Amino acid sequence: MIKKITFVLLSLCFIIVTISAQQVELQKTPSVVFVRPDIVVEKIRISSLPSQKPGKVFLKIEYWLSNKSSKRISCCPTEAGKKAWKDSPSTNNLFNVRVDARSYPNGRFSKIGGTTTDLEPFETNDRYQLHKYFSVGQTVQIRVIADPKNWINEKNEKNNVKKMVWPLRVRKVLKK
């Protein structure tokens, strides 16, 4: 009987020491968090300028991009990005930005411009612009897409697109 109790107590001590040692080992191992860049289309501003073409409005389209991360864009290419950078060294470590427009609300988006750029870590409000003619009286929706070809492996891919309708329409609120 004493042998059984001694055996059980020794077994329990062994289990307790083993579990404690495993917990200490887990605490010693630092957790590795892979930080990735985060390209964000911050805002779009559209303004009309004097037009030189009858029946056309001349729009200045400005947009701002940011990298909301401590990582450079070049740190984290996707397979598509690696291939693009290898195939075209002039775009090495850059990403594309595409600007589309459509007749709102039912038109199809088509490309009206864009650029290729880089963003430093925590760089904010990097401003770009383009100019384009549209028909007078037309309601236009502008869409800016950062990294449309998915060259950069980002921590948030959902904040790469922003849209804006021009001219802005003010909703009339009916008073009861």
Side-chain angles (χ1 to χ4, degrees), residues 36-175:
R36 295 176 290 173
D38 186 19
I39 304 168
V40 179
V41 179
E42 291 290 340
K43 64 182 175 178
I44 302 170
R45 182 169 58 202
I46 303 170
S47 51
S48 61
L49 300 172
S51 176
Q52 302 298 317
K53 296 182 180 181
K56 299 285 185 177
V57 63
F58 191 52
L59 296 183
K60 177 172 137 181
I61 302 163
E62 299 172 283
Y63 54 96
W64 287 261
L65 305 175
S66 296
N67 178 4
K68 302 280 187 176
S69 168
S70 63
K71 289 294 187 181
R72 296 184 61 86
I73 299 300
S74 60
C75 83
C76 308
T78 61
E79 289 304 315
K82 289 177 189 175
K83 181 178 181 337
W85 293 347
K86 181 181 175 193
D87 293 347
S88 181
S90 65
T91 62
N92 206 10
N93 300 328
L94 302 175
F95 66 94
N96 291 315
V97 180
R98 180 180 166 134
V99 181
D100 298 334
R102 73 174 180 156
S103 181
Y104 185 78
N106 299 320
R108 294 180 59 154
F109 280 109
S110 61
K111 183 176 179 179
I112 60 169
T115 189
T116 304
T117 191
D118 182 20
L119 291 170
E120 296 293 322
F122 295 118
E123 184 173 355
T124 59
N125 293 318
D126 194 20
R127 182 178 156 269
Y128 302 87
Q129 68 179 357
L130 65 101
H131 297 83
K132 188 74 176 167
Y133 281 99
F134 293 94
S135 297
V136 169
Q138 179 182 14
T139 301
V140 177
Q141 185 174 40
I142 303 297
R143 175 177 70 181
V144 177
I145 308 169
D147 193 26
K149 297 180 180 180
N150 197 29
W151 288 1
I152 310 300
N153 181 3
E154 300 175 65
K155 65 181 172 184
N156 182 357
E157 296 284 351
K158 295 179 181 175
N159 56 9
N160 290 12
V161 177
K162 191 167 270 314
K163 298 175 189 173
M164 182 175 189
V165 175
W166 187 90
L168 294 174
R169 305 278 188 218
V170 179
R171 285 187 180 169
K172 293 181 180 179
V173 179
L174 298 176
K175 294 182 180 180

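Sequential numbering from 1 along the given sequence is applied to the chain's residues. Predicted, not measured: the structure shown is a model, and the values here were computed from it.
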- Item | P105 side chain near Q141 side chain, heavy-atom distance below 4.5 Å | no
- Item | N93 side, atom CG; C75 side, atom SG - distance, nearest 0.5 Å | 10.0 Å
- Any side-chain heavy-atom pair from W166 and V57 closer than 4.5 angstrom? yes
Which pairs of donor and acceptor atoms, one on a side chain in residues 39-55, lie under 3.5 Å apart (sequence neighbours left out)?
unit_1	atom_1	unit_2	atom_2	d
E42	OE2	S66	OG	3.2
E42	OE2	K68	NZ	3.1
R45	NE	E62	OE1	3.0
R45	NH2	E62	OE1	3.2
S51	OG	K53	N	3.2
S51	OG	K53	O	3.0
S51	OG	K56	O	2.9

- Quick one: side chain to side chain donor-acceptor pair (under 3.5 Å) partners of S90, sequence neighbours excluded? S88
- For D100, salt bridge (charged side-chain N to carboxylate O under 4.0 Å, His left out) partners two or more places apart: R98, R143
- Query: Which residue pairs pass the salt bridge (charged side-chain N to carboxylate O under 4.0 Å, His left out) test when at least one of the two sits in residues 133-142, sequence neighbours left out?
  - Reply: none
- Task: Could you tell me whether the side chain of T91 reaches within less than 4.5 Å of the side chain of W85, counting heavy atoms only?
- Result: yes
- Message: Tell me every residue that passes side chain to side chain contact (heavy atoms under 4.5 Å, CB included) with E120, counting only those two or more places apart in sequence or in another chain.
- Response: R72, D118, E123
- Task: Scan for ring-ring contact (aromatic ring centres under 6.0 Å, His included) pairs involving residues 51-78, sequence neighbours excluded, and state none if there are none.
- Result: F58-H131, F58-Y133, Y63-Y128
- Item | Inter- and intrachain pairs under salt bridge (charged side-chain N to carboxylate O under 4.0 Å, His left out), touching residues 149-163, at least two apart | none
- Note on the structure: Applying side chain to side chain donor-acceptor pair (under 3.5 Å) to K60 and not counting sequence neighbours gives none
- Which residues satisfy the salt bridge (charged side-chain N to carboxylate O under 4.0 Å, His left out) test with K111, sequence neighbours excluded? none
- Message: Taking side chain to side chain donor-acceptor pair (under 3.5 Å) as the definition, give me every residue that meets it alongside N125, ordered by chain and number, with sequence neighbours left out.
- Response: none
- Verdict with reasoning, F95 to N160, per side-chain contact (heavy atoms from CB on, under 4.5 Å): CA-CA 12 Å; F95 66 94; N160 290 12; over 6 Å; no
- For I112 and I142, which heavy atoms make the closest approach, and how far apart are they? CD1-CD1, 4.2 Å
- Query: Quick one: salt bridge (charged side-chain N to carboxylate O under 4.0 Å, His left out) partners of D126, sequence neighbours excluded?
  - Reply: none
- Query: Is a donor on one side and an acceptor on the other found under 3.5 Å between the side chain of N153 and the backbone of P77?
  - Reply: no
- Item | Listed partners of F109 passing ring-ring contact (aromatic ring centres under 6.0 Å, His included), at least two apart | none
